[in-house]
Amino acid sequence: MPKKTLKNISEIRRYFHTNKDPVYFVSATNFNLLGLDEWVKNFKYICYMDCFDGRHPNVLCPSELPHDEFQSIEDINNYLLQHKEVVDYVKSRGGNPKFVFLMFDEKTEALVKELGGEVWFPKAKLRTSMDNKIETVRIGNKAGVPSVPNTLSEVRSYDHLREITEKAGIGHDLVLQSAFGDSGHTTFFIKSEADFRKHEHEIVGEGEIKIMKRIDCRGSAIEACATSEGTIVGPLMTELVGFNDLTPYRGGWCGNEIFSTAFPPKTRQQARELTFKFGEQLRKEGYRGYFELDFLIEKKSGDIWLGELNPRITGASSMTNHAAFAHADAPLFLFHLLEFSKKPFKLDVEDLNSRWSDPEMIDSWSQMVIKHTDDSVDIITDAPQSGIYKMLPDGRVVFDRFDYHRRAVETEDEAFFLRILSPGDYRYEGADLGILVTRGRSMTQGFQLTAKSKKWIDGIKTAFSARPLPSAQALQEPAFKIM
């Protein structure tokens with residue numbers, strides 16, 4: 001008997017509200033897909049960090065076991081999938097389990113297979129190939145989505161870099177990006193030989209590098225989902241980048257804002273059209289499902305350039321999946337799950353994209369990822385719990401009540417805080433303390449942090465207490481982000 005085709009949003013929503021097979025999001029925290037368990041029956045989170053102190057009904061955090069030092073999110077996920085408590089939990093819940101991840105590798109795929117499950121994402125090998133910043137440029141070129149004037153080459157020395165850029169005609173004020181890695185760690189601003197010397201060990205011998213002309217731009221992010229019916233596109237978000245109050249990394253991502261007038265209407269529409277074209281090219285390349293594009297928008301000209309592709313959910317996904325349009329129709333990630341479910345569906349993607357571009361479908365939210373910015377290492381003795389915080393008239397930030405719903409934030413004087421680091425954890429330069437979600441904007445029209453944002457950040461940071469690290473102890477700080 002042929003499967004019934006889902007023909008509208010209402011049927012798609014009902015399909016997931018009556019979903020039978022368990023779906024697991026396995027990651028360091030549940031931040032990226034926060035709230036999705038309320039859209040999909042039998043959706044559970046398996047996490048390494050207990051951000052909610054055991055109070056979230058759909059989060060499993062197994063007890064800590066001895067393990068090798070983690071070098072990546074993939075290591076964390078592979079540790080979790082082999083943990084006896086996790087294995088027993090998955091087996092006890094039965095069904096045909098499905099797994100989704102922020103990051104995974106071929107070992108993850110094998111471990112899921114051992115658990116009798118399926119990974120509902122394109123193969124790790126394909127994702128790795130798409131994640132290559134050099135490959136992104138090539139896919140963009142095929143799709144007609146231009147990157148900042150650039151050239152792709154190995155770099156042997158500063159003199160060699162000068163030769164390359166002169167031949168390419170992109171000047172000598174440059175931004176270099178290696179093929180893989182987080183923007184805060186693998187983006188290098190090079191204007192002189194002295195700049196080059198600082199990063200020489202990370203550039204020379206690292207293979208092909210993306211060498212871009214440096215432009216004066218705003219960062220932006222947009223998420224989409226490539227489905228069999230076409231590419232569904234979310235709203236264009238601003239990016240918070242490199243703020244000293246939030247991150248020690250120059251060029252490092254530290255949050256997003258979503259609001260209807262984030263950029264001029266023409267810019268928003270162009271970004272949506274370029275994202276659609278890129279998604280259609282991804283489909284031709286064999287990729288399907290969720291992805292995110294960073295666009296660089298020149299301040300003077302308004303020109304839009306492709307920054308990078310993230311072939312996965314990202315740190316911005318919780319923003320996309322909680323916007324007003326997501327509650328009116330369905331979260332973007334639901335269409336990702338639908339694509340992998342093999343359930344036939346028909347969708348007027350053009351109509352959906354048009355509806356989601358309506359400013360009335362976007363309410364205003366902001367998230368700030370708060371890192372430890374001091375050049376120090378200590379051990380946390382007290383940490384603010386996850387939940388709803390209030391800002392008092394005198395600017396002090398106080399805990400109001402426990403909650404795991406960001407929509408419980410009613411006014412701009414409240415915020416939802418998701419704690420990452422807990423008592424007993426090391427606090428080092430660049431460590432993620434937590435994520436603060438507020439209504440309204442966190443930046444001014446000039447893209448600087450508002451005075452109120454700085455008060456929120458300071459209020460959360462001062463709620464942490466720590467004791468010095470005994471001098472005999474040393475810490476190798478992790479070189480990967482967890483969200």
Consider salt bridge (charged side-chain N to carboxylate O under 4.0 Å, His left out). Of K371, R419, R427, which one does D432 pass it with?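 Exactly one pass, corresponding to K371.
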Could you check whether the rings of [X] and [Y] sit parallel, tilted or perpendicular, using 30° and 60° as the cut-offs?
| X | Y | result |
| --- | --- | --- |
| F417 | Y389 | perpendicular |
| F52 | Y404 | perpendicular |
| F291 | Y287 | perpendicular |

Between [X] and [Y], is the ring centre distance below 6.0 Å?
| X | Y | result |
| --- | --- | --- |
| H336 | F121 | yes |
| F325 | W356 | yes |
| Y48 | F70 | yes |
| H56 | Y45 | yes |

Using a strict threshold of under 4.0 Å (side-chain N to carboxylate O), is an ion pair present between R13 and D329?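 Salt bridge absent between D329 and R13.
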I'd like to know if K454 pairs up with D458 as an ion pair, taking the criterion as any Lys NZ or Arg NE/NH1/NH2 lying under 4.0 Å from an Asp or Glu carboxylate oxygen.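 Between D458 and K454 there is no salt bridge, as every charged N stays at least 4.0 Å from the carboxylate O atoms.
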In terms of side-chain heavy atoms, does [X] have a donor or acceptor partner in [Y] at a distance below 3.5 Å?
| X | Y | result |
| --- | --- | --- |
| Q177 | T187 | yes |
| R93 | Y24 | yes |
| S453 | S442 | no |
| T373 | E429 | no |
| N58 | K44 | yes |

Under the salt bridge (charged side-chain N to carboxylate O under 4.0 Å, His left out) test, residues paired with D394 that sit two or more places apart: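 Applying salt bridge (charged side-chain N to carboxylate O under 4.0 Å, His left out) to D394 gives R396.
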Do other residues, nucleotides or ligands put more than 12 heavy atoms under 6.0 Å from E64 CD?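 Enclosed: over 12 neighbouring heavy atoms sit under 6.0 Å from CD of E64.
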Which heavy atom of P62 sits nearest a heavy atom of L80, and at what distance?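 Closest approach of P62 to L80, heavy atoms only: CG-CD2, 3.7 Å.
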Mind checking the CD-CZ spacing from E202 to F188? Nearest 0.5 Å is all I need.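 Going from the CD atom of E202 to the CZ atom of F188 covers 4.0 Å.
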Are any side-chain N or O atoms of R214 and backbone N or O atoms of V175, one a donor and one an acceptor, separated by less than 3.5 Å?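 Not a single qualifying donor-acceptor pair exists.
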Hey, does the Lys NZ or Arg CZ of R312 hover above the aromatic six-ring of Y290, less than 6.0 Å from the centre and inside 45° of the axis?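 Judged by the rule (NZ or CZ under 6.0 Å from the ring centre, within 45° of its axis), R312 is not positioned above Y290.
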Derivation and outcome, salt bridge (charged side-chain N to carboxylate O under 4.0 Å, His left out), residues R268 and E273: CA-CA 9 Å; R268 295 198 303 271; E273 287 169 4; over 6 Å; no
